[in-house]
Structures are given as structure tokens and as C-alpha cells.
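Read through the structure below, which is laid out as C-alpha cells, and then see the notes.
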There are 2 protein chains.
Amino acid sequence: MKTKEAVGALQALAQETRLEIFRLLVRKGTGGMAAGELSGHFAIPAATMSFHLKELSQAGLLVSRRESRSIIYSANYEHMQVLLGFLLENCCSDNGGKC
Amino acid sequence: MKTKEAVGALQALAQETRLEIFRLLVRKGTGGMAAGELSGHFAIPAATMSFHLKELSQAGLLVSRRESRSIIYSANYEHMQVLLGFLLENCCSDNGGKC
DNA sequence: TTCATATTTCCAATATAATGGAAATATCAA
DNA sequence: TTGATATTTCCATTATATTGGAAATATGAA
């Protein structure tokens, strides 16, 4: 993972509504939730929710699939694990591993 | 950890220079680095570096101590671990643990 | 003291992000 | 087809963040 990619993912998560969308989808697992369900759940206009879902998807944190008229979003755990690894990479290596 | 606190920490990390400051300090361990060393390392004016260090500190990601005329900044690992735990809390609990 | 060094605060200019109504696109059912 | 539902794109408004020079503050040394 490169710095710019990590910044993109962190920026996507660094917003109250988006962080809660992501955390809800983390709980939901592979089942995920439809865009409309999410706007209902957070009482947010569809256009605003769509903007947030695009931000999270472009950052690689969500994946989506179409199911009939709905678009189902779910968390991308693998990408999240890579991000978390990047954040603490080589922890304390310049201090003999002493944190 | 509450959502607003997590958003604050993510916002602090969601900026290229600050993310690299944090990652450098993660590598440096308890020894840390002085503000001036950091502005030299990244070739950034002192005022700008000071602003970034304040953002990271207020978010709880850095701690600082004075050593003579210098102020030494270092990473706050404990706070970071709490943040990472918050991000994946109750992973897949609504899907029978199936991720 | 007085001077040099280290860092922060102030502030105004610039840049980037969030919001949501209206219109456009996609899917399905009658 | 036509109509209903689901979602996205467009775009203007509003809000928030970043930058760095100049001035202020803090420390230590002569």
C-alpha cells in the first residue's frame, strides 16, 4: 500500500456518517445492505448517501453488487486489514523494537 | 471510544504529510523526534509542521515532552490500538461471524 | 541582562469537502 | 410500452482544512 492510497481510505473514514456506515456494514458481513436501506437507517437523503457510498467504494473500503433494482454494499475486510497493517508498519524498528 | 473521537483521529491521519509524520514516529518508538528535526526531514516550514503536530496531538495520536529548547514528539501506540479495535468492532456479528 | 535557537500562535489567502434538490439512468412488473 | 421503484449524477451553496510569513513565547548560554 502506498501513502496516497492510505490517505484516500482514511479520508473516506474520517467523516461521521461514513464511519458509521462502514462500521454498520462491518457488522453486517457479506450480506451487506442496500443503498436505500442505508439512507433510511441514517435518515439521510439518497443523493447524500450515494455520495458517501461512492467515497467509501472509491477508497476500496466497500464493494457493491446489483440485486434486481437495489445495489447492495458490503465491507471489504481485506482492504481494511492492509490499511491497518500499513499504519503500524515497522513499529519501533528504529528503537530496537522498544515501544 | 466514541464515533466523534475516532473521526478526529482518522481526520488527523487523513493527510499525506501527517500520515508520514505519524508513520515515521511509529518507527522511531519512544525516542521520538523534535519538531525542528521533523520540519527539516520533510522540508516543511516550522509553522506548518507545528500545525500538523498539533492536529495529531489533539487527536491523541502523539505525545510530546520538552527537552531543553526542543519539543520531542512520539507516537501514542495505545490510542492507536483502541482506534483500530473500534474500526472492526463486532465484525460480522449480524451474519453469524461469516465475513 | 542580551542574544541565538526552538517552537508556537495569529491570520489571511487558498484549496478541498459536504450537502441535497432536481434531473437522469436502470430495473422490473403489469 | 407505461408506470413505479432504486440509485446515481449534476451542480450550486455552504462549510471546513491547509498553508506559511510575521510576530509572540520559551529556553539556555555568554
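Hydrogens, waters and symmetry mates are skipped; everything else that's a heavy atom, side chains included, is used. Here is the naming used below: chain letters follow the sequence lines, and residue numbers restart at 1 for every chain.
Residue A/Thr17 has no polar side-chain atom (N or O) positioned under 4.0 Å from OP1 or OP2 of C/dA18. For the pair A/Gln58 and C/dA17, the criterion of a side-chain N or O lying under 4.0 Å from OP1 or OP2 is not met. Of the side-chain N and O atoms in B/Arg18, one or more sit less than 4.0 angstrom from OP1 or OP2 of D/dT18. Distances shown here put every side-chain N or O of A/Tyr73 at or beyond 4.0 Å from the OP1 or OP2 atom of D/dA6. Of the side-chain N and O atoms in B/Arg66, none sit less than 4.0 angstrom from OP1 or OP2 of C/dA6. Applying the 4.0 Å criterion to OP1 and OP2 of C/dT19, one finds that A/His52 has a side-chain N or O inside that range.
You'll find that the side chain of A/Thr48 is closest to C/dT19, out of C/dT9, D/dT7, C/dT19. In this structure, of C/dG21, C/dT9, D/dT7, it is C/dT9 that holds the atom nearest to the side chain of B/Ala47. The listed nucleotides are D/dT7, D/dT8, C/dA4; the one nearest the side chain of A/Ser70 is D/dT7. Nearest nucleotide to the side chain of A/Leu53, out of D/dT8, C/dT7, C/dT8: D/dT8. The nucleotide whose nearest atom lies closest to any side-chain atom of B/Gln11 is, among D/dG20, D/dT9, D/dA17, D/dA17.
Between B/Asp94 and A/Arg27, no side-chain nitrogen of the basic residue sits less than 4.0 Å from a carboxylate oxygen of the acidic one, so the salt-bridge criterion is not met. Using a 4.0 Å cut-off between charged side-chain N and carboxylate O, A/Glu20 and A/Arg18 make no salt bridge.
Looking at heavy-atom distances under 4.0 Å, B/Ala35 makes contact with sugar-phosphate atoms alone, never a base. As judged by a 4.0 angstrom heavy-atom cut-off over every strand, B/Ser68 is placed among residues touching the sugar-phosphate backbone only.
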List the steps, then state whether side chain to side chain contact (heavy atoms under 4.5 Å, CB included) holds for B/Phe86 with A/Arg23. CA-CA 9 Å; B/Phe86 181 80; A/Arg23 284 178 17 99; 3.2 Å; yes

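In this structure a side-chain-to-backbone donor-acceptor pair under 3.5 Å is missing from B/Arg65 to B/Glu67.
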